[in-house]
Amino acid sequence: MIEAVGLTKRYGPKTAVQDLSFSVRPGIVTGFLGPNGAGKSTTMRMLLGLDTPSSGHAVVNGRRYAEHAAPLREVGAMLEARAIHTGRSAYNHLLALAATHAIPRARVEEVIDLVGLREVARRRAGGFSLGMGQRLGIASALLGDPATVILDEPVNGLDPEGILWIRNLLKSLASEGRTVLVSSHLMSEMALTAEHLIVIGRGKLIADTSVADFTRSASQGGVLVRTPDSVRLGELLGALPEVTVRSDDSDVQLLTVEGAPSERIGRLAAEHGLVLFELTPQQASLEEAFMELTKDSVEYEAVVTPSELVKEPAA
Amino acid sequence: MSTSIAPSPAAVPTVISTKAGTGKVTLAHVVNAEWIKFRTLRSTYYTLLAVVVADIGIGIASCYGAVDRIQHPRHEGPGRFLQDFSPAEWSLQGYNLAQLALGVLGVLIVTGEYSTGMIRASLSAVPRRLPMLWAKAAVFGVVAAVLSCVCVLTSFFVGQSILSTVHVQTTISAPGVSRVVFGTALYLTVVGLLSVALGTMIRNAAGGIATLLGVLFIVPLLVEGLPTTWHDHIAPYLPSAAGSAVMTLKQDPTLLSPGTGLLVLAVYLVVAYLGAAVVLKRRDA
């Protein structure tokens, strides 16, 4: 369980996180979503007491992180992939972290196997690929068998197999009743992994919603119907309450129907013996919905269009 | 690469463990963690080797140099050279360079964590932060003290046996000599401990090492340029001069007494660690 209350972080005149309040429940994967620079990492660092909030506070499992007697057993975190001394081997890195809580060597061996780093565990971490670094970060996070897991962009740099592995890992952590908070700037990834979403932009809370609700609000595209009997079907559908039908000027066979699910349209056509060539529910992609939601809060937006760049390469 | 090491993604990992134990963060655990960190970096051994080579190597070389000057006097007579000759201090001169190597290591054990990002893992494990500073100081202090004693005693005994070929050697039991020998080891340890605190305050290897060089070598030169009345009040209290007071056999009017020198070094340590504690506790990691 994570609770943030009015978290605010200012760096000089710049406000990175502003009055952010949310709670993260156990037993599900919660996605922490926002464009680059939205304040996700800063928020996570405040949860762990690495950064002190300018105002507000954060509580994990009922206490501030630093007040726990055995913090690694409460919260396991991977903030940046490289919170590792490049000259030390993965094994010794984990051994040193484990020693602070007298976590036995057997657990170090266990997490190394869990993340699949056995073969490279004795090598210097400086030579690790991005994906291996991520796995080591996750191993560090799981070392204390924590009730709460916080991972910052864990799929970064992983190959498709690794991404699938992370998804399964996150789901199994949540199914064990743990609190799982995962940040990402990729909506599509979160749609596959998370049940709940906390969306921030420019340090402010934009949405705190279930993935299902977010998806529902995003899919307002209606149903695309292609039929040689478009006029007749259009009349039948148009007669139904709360259903609107739009025809397409360039394609007489095409109808866009809003207010009726595709099942109902199909049945109606069958009852009247009408032929359908195509019946497609339209969903605005989650990525589009996310971009729509955060478009006013993107920190670094390209203001020069590619054509302008071609004309004035000096700009 | 990562493909070949990946576990089967189809297998859902079981994470609940019975092997994680129930230990809490205690100073003893953190000291153990810092000891693991210290001994698992190759750079630690290279730098410690540099300390040994600098201290013993220079000590031995300068003793052979002294023997040569006594046997083959050039412009000066052998009497001139021997007038101010103190065999104990002469054999321990390596400390000058050794303090630099030890200081660099002291700075690096802290700043290396900041430059690599390791500090975020360290402070996540020990979020109260100060136990990490005390543990680093304890581990490094013990290593520095043991190594300094080994180096200084080796330099002394090997050096005296070289000097004995021209019969100018001294013994550890001669008045004040053991104070000079162990005072040198103590001074080296203090410089090492001060650099751990410096590294904690400055967080950056280049800045930390530059400050260390400044304090040990540049500031004394600048103070030399001050008006005499100021100079006489400041110079003896500089860390290097306070160290010299502990490491000098004959009473020197420009230096503090050995006891006062020791006290001044202790004050530097306390002030440096107070500063380091405040910075570590207050600043975002």
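Order of the sequence lines fixes the chain letters, A, B, ..., with proteins taken first and strands second; residue numbering starts at 1 for each chain.
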Using non-hydrogen atoms only, which part of [X] is less than 4.5 Å away from chain A: side chain, backbone, both, or neither?
X: B:Val126; answer: side chain
X: B:Ser115; answer: neither
X: B:Thr40; answer: both

Quiz prompt | Neighbours of chain B found in residues 41-52 of chain A - heavy atoms under 4.5 Å | solution = A:Arg45, A:Leu48, A:Gly49, A:Leu50, A:Asp51, A:Thr52
Nearest heavy-atom pair of [X] and [Y]: which atoms, and what distance?
X: B:Ser124; Y: A:Leu72; result: O-CD2, 4.0 Å
X: A:Thr100; Y: B:Ala125; result: OG1-CB, 3.6 Å
X: B:Ala121; Y: A:Ala83; result: CB-O, 3.4 Å
X: A:Ala102; Y: B:Gly23; result: CB-CA, 4.4 Å
X: B:Thr116; Y: A:His85; result: OG1-CA, 3.6 Å

Inter-residue atom distance [X].[atom1] - [Y].[atom2], 0.5 Å rounding:
X: A:Ile84; Y: B:Arg120; atom1: CD1; atom2: CZ; value: 10.5 Å
X: B:Arg39; Y: A:Arg88; atom1: CZ; atom2: CZ; value: 10.5 Å
X: B:Lys37; Y: A:His93; atom1: NZ; atom2: NE2; value: 9.5 Å

Exercise. Report yes if some heavy atom in the side chain of A:Ile103 is under 4.5 Å from a heavy atom in the side chain of B:His29; otherwise report no.
Key: no
Practice problem: Would you mind reporting whether B:Lys19 and A:Glu109 have side-chain heavy atoms less than 4.5 Å apart? | Solution: no
Quiz item: Under 3.5 Å, side chain of A:Arg107 to main-chain N/O of B:Gly21, donor-acceptor pair present?
Solution: no
Between [options], who has the most heavy-atom pairs with chain B when the cutoff is under 4.5 Å?
options: A:Arg167, A:Arg124, A:His68, A:Lys171; answer: A:Arg124
options: A:Ala69, A:Ala106, A:Gly87; answer: A:Ala69
options: A:Ala66, A:Ala141, A:Ala70; answer: A:Ala66

Quiz item: In terms of heavy-atom proximity below 4.5 Å to chain B, should A:Leu143 be classed as side chain, backbone, both, or neither?
Solution: backbone
Quiz item: So which of B:Val30, B:Leu41, B:Asn32, B:Leu123 has the largest heavy-atom pair count under 4.5 angstrom toward chain A?
Solution: B:Leu41
Quiz item: Do other residues, nucleotides or ligands put more than 12 heavy atoms under 6.0 Å from the CZ atom of A:Arg25?
Solution: no
Quiz item: With a cut-off of 6.0 Å (strictly less than), are more than 12 heavy atoms of other residues, nucleotides or ligands near NZ of B:Lys281?
Solution: yes
